[in-house]
Amino acid sequence: MKVAVLTGGGDCPGLNAVIRAIFRRAGRYGFEIMGMRNGWRGLIEDDHFRLTRESTSGILHRGGTILGTSRVNPFKVERGLEKVLKTVERHNIGAVIAIGGEGTLGAAARMFEHGLKVVGVPKTIDNDLGGTDVTFGFDTAVGIATEAIDRLHSTAEAHSRVIVCEVMGRHVGWIATYAGIAGGADVILVPEHPVDLSEMAQHIKRRHMSGRTFSIVVVAEGTKIKRSPDEIEHLVTSGKLDEAGRPRLGGIGQLVAEEIERRTGIETRVSVLGHIQRGGTPSAFDRVLATRYGVYACDMVARGEFGKMAALKGTQICSVDLSEATRELKRVPDDFFEVAQVFFG
Ligand code: F6P
């Protein structure tokens, strides 16, 4: 049987580990693995190449994806669905393994309703996909952000400054919360809790008046500003849209830093981690998780478990419905965030 594999959405450390695992497990079933280029676009435009032992060797530790990626959604492209199904028919593709986050797997769930035999693998550094305890890529991003916060600590302390560290997290604050706890942040701002800038500045001021000489503030890029109880502002600086038509975020760190300095008089600097969190080599945890997902996804294809996604529940890999996994984003629960709040101040 021919199995097509695609990687969609923002890239993520561990994508190559999944691709390698799928290819290696496929040997057991005699599957031929077709690599579709640039996410769903590969199926729409019939752009692919055959994966081989050579092309999938030496990639376990490499960031990015040998397949390329895009945020193209077949349901937003003219006759996209029809084109995907045509490619599948033309090459007699028996199954598709889609590796992606909410966008890519949301499209996979809809594709399944239209008859595509699809299996999902959950990826995103944001960790915001439902149905699974963890997505691969998250651990690597948290490790990078934590190391950055550690480094910011010593320079903030040396100069008696406030440093604001902006991390990724469009809809949720998993990276900010985890890296903030691990790095000992004094304030963590997340999309789940719109920030009142005046309250936050007062908090920093009180902290410094009680003898602290520096502060570290971690802010997720999707954090909203609470202007008043009814007015919540989603910050967009560039005015540009990404490939999926979503506003390009960025600028919250700068705004928070300016407001802290203006309201407290304490010198405040900002450091935006951006794509550094997403690029480069995956952590050992993510390599193992990605490998387990890849092997399991191949087994799901062999069992004919379509319309489902490989997921981690506790320590076990299992499968969950794609429609259920993509129904709602997984936000940081309040009781988890409360753990971080113990250390604010
Ligand atoms: O991978 C998810 C994510 O990290 C979001 O947190 C962020 O908004 C987005 O990617 C940015 O991706 P890009 O710069 O590729 O549009």
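- Relative to the six-membered ring of Phe23, Arg53 misses at least one condition, a distance below 6.0 Å or an angle of at most 45° to the axis.
- The line from CG of Leu43 to CZ of Arg37 is 12.5 Å long, rounded to the nearest 0.5 Å.
- Clustering ILVMFWY residues whenever any of their side-chain heavy atoms sit less than 4.5 angstrom apart, transitively, puts Val332 in the very cluster that holds Val339.
- With respect to Glu267 and Arg161, a salt bridge is recorded, a charged nitrogen being found less than 4.0 Å from a carboxylate O.
- Enclosure of atom NZ in Lys117 is not indicated, since only 12 or fewer non-hydrogen atoms of other residues, nucleotides or ligands lie within 6.0 angstrom.
- Not a single donor-acceptor pair under 3.5 Å links the side chain of Thr7 to the backbone N or O of Thr69.
- Using modelled atom types, no side-chain atom of Thr326 and backbone atom of Glu324 make a donor-acceptor pair closer than 3.5 Å.
- Rounded to the nearest 0.5 angstrom, Arg71 CZ and Trp40 CH2 are separated by 15.5 Å.
- Between Glu82 and Arg79, at least one side-chain N (NZ, or NE/NH1/NH2) sits under 4.0 Å from a carboxylate O, which counts as a salt bridge.
- The 12-atom threshold is exceeded at CZ of Arg90, counting heavy atoms of other residues, nucleotides or ligands nearer than 6.0 Å.
- A distance of 6.0 Å or more separates the ring centres of Phe214 and His159.
- The distance from atom CD of Gln316 to atom CG of Asp133, rounded to the nearest 0.5 Å, is 11.0 Å.
- Electrostatic pairing of Asp186 and Arg207 counts as a salt bridge here, judged by a charged N lying under 4.0 Å from a carboxylate O.
- Partner of Glu102 under the salt bridge (Lys or Arg N to Asp or Glu O under 4.0 Å) criterion, out of Arg170, Lys330, Arg327, Arg246: Arg246 alone.
- A salt bridge does not link Arg41 to Asp47: none of the charged nitrogens lies less than 4.0 Å from a carboxylate oxygen.
- Note on Glu259 versus Arg262: salt bridge recorded, some NZ/NE/NH1/NH2 to OD/OE distance being below 4.0 Å.
- Under a hydrophobic-cluster definition in which Ile, Leu, Val, Met, Phe, Trp and Tyr are linked whenever side-chain heavy atoms come within less than 4.5 Å, directly or via other members, Val187 and Tyr178 are assigned to different clusters.
- Heavy-atom neighbours of Glu32 CD from other residues, nucleotides or ligands within 6.0 Å: above the threshold of 12.
- Of the inter-residue distances, the one linking Thr268 atom OG1 with Ile163 atom CD1 reads 9.5 Å to the nearest 0.5 angstrom.
- With rounding to the nearest 0.5 angstrom, the CG atom of Asp196 is 9.5 Å from the OG atom of Ser228.
- Here the side chain of Thr87 pairs a donor or acceptor atom with the backbone of Lys83 at under 3.5 angstrom.
- What you find for Trp174 and Arg331 is that their closest heavy atoms are CZ2-O, 3.3 Å.
- Within 6.0 Å of atom CZ in Arg303, more than 12 heavy atoms from other residues, nucleotides or ligands are found, so the atom counts as buried in its surroundings.
- The structure places OG1 of Thr281 at 4.0 Å from CZ of Arg287, a figure rounded to the nearest 0.5 Å.
- Between Arg278 and Asp11, at least one side-chain N (NZ, or NE/NH1/NH2) sits under 4.0 Å from a carboxylate O, which counts as a salt bridge.
- The pair Arg269-Glu258 does not meet the salt-bridge criterion, since no charged nitrogen lies less than 4.0 angstrom from a carboxylate oxygen.
- Taking hydrophobic clusters as Ile, Leu, Val, Met, Phe, Trp and Tyr residues chained together by side-chain heavy-atom distances below 4.5 Å, Ile93 shares a cluster with Val121.
- Cluster annotation: Phe343 is not connected to Ile188 through the hydrophobic network of ILVMFWY side chains, with a link wherever side-chain heavy atoms come within less than 4.5 Å.
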